[in-house]
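First the structure, in the form of structure tokens, and then the observations on it.
Below, all heavy atoms of this structure are taken into account, side chains as well, without hydrogens, waters or symmetry copies.
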Amino acid sequence: MKVYAVILDWSTSDDSHVDIELFDTYTKAYHRFNEIIKNEKNPEISWVADAFDEHGEILDGYEFAEHIESDGSQEFDCWWNITDKNDWYQHDFLEIRIMEVK
């Protein structure tokens, strides 16, 4: 049986946490993964919004990497990572991890 974990490892200068949510289908995990990205880009919720310009492009001073299936139709591990180069402790590391459970 497969389990799909959506893992958000985040840290700011005053707090850090790892949030783990498990799903029974890839579709549910993929939906949640994209919902978290949308929330993280909201300036009322997260510092991450400061890392992007009005066109969604990453600004200087931030390191960004992603590997996302465009429509979620195929199952594979996805990630969306951003780090503040001026404060390496401040980061958001988001991923979908597919695991076999016996």
Which atom pair, heavy atoms only, marks the closest approach of [X] to [Y]?
{"X": "Asn42", "Y": "Ala49", "value": "C-CB, 3.8 Å"}
{"X": "Cys78", "Y": "Ile68", "value": "SG-CA, 4.1 Å"}
{"X": "Asp84", "Y": "Gly61", "value": "OD1-O, 3.6 Å"}

Between Ser11 and Tyr89, is there a donor-acceptor pair closer than 3.5 Å when you use the side chain of the first and the backbone of the second?
-> yes
Between the main-chain N or O of Ile98 and the side-chain N or O of Asp77, is there a donor-acceptor pair closer than 3.5 Å?
-> yes
Going by the angle between their ring planes, with limits at 30° and 60°, are Tyr26 and Tyr30 parallel, tilted or perpendicular?
-> parallel
Under 30°, 30 to 60°, or over 60°: which ring-plane class applies to Phe52 and Trp80, parallel, tilted or perpendicular?
-> parallel
Would you say [X] and [Y] make side-chain contact, with heavy atoms under 4.5 Å?
{"X": "Ile82", "Y": "Ile58", "answer": "yes"}
{"X": "Arg32", "Y": "Glu35", "answer": "yes"}
{"X": "Lys2", "Y": "Glu100", "answer": "yes"}
{"X": "Leu8", "Y": "Phe93", "answer": "no"}
{"X": "Tyr4", "Y": "Thr27", "answer": "no"}

Say you draw a straight line from [atom1] of [X] to [atom2] of [Y]; how long is it, rounded to the nearest 0.5 Å?
{"X": "Gln90", "Y": "Thr83", "atom1": "CD", "atom2": "OG1", "answer": "9.5 Å"}
{"X": "Asn34", "Y": "Asn39", "atom1": "CG", "atom2": "CG", "answer": "11.0 Å"}
{"X": "Leu94", "Y": "Trp79", "atom1": "CG", "atom2": "CH2", "answer": "12.5 Å"}

Would you say Ile20 and Ile36 are hydrophobically clustered, going by side-chain heavy atoms of ILVMFWY under 4.5 Å?
-> no
Cluster check Ile7, Met99: I/L/V/M/F/W/Y, side chain < 4.5 angstrom | yes
Assess whether side chain to side chain donor-acceptor pair (under 3.5 Å) is satisfied between His17 and Asp19, documenting all intermediate values.
-> CA-CA 6 Å; His17 201 271; Asp19 301 317; 2.7 Å; yes
Val48/Trp10 under side-chain contact (heavy atoms from CB on, under 4.5 Å): CA gap, chis, key distance, verdict | CA-CA 10 Å; Val48 172; Trp10 63 268; over 6 Å; no
Output every pair passing side-chain hydrogen bond (donor to acceptor under 3.5 Å, both in side chains) with a member in residues 43-68, not counting sequence neighbours, ordered by first then second residue.
-> Glu40-Ser46
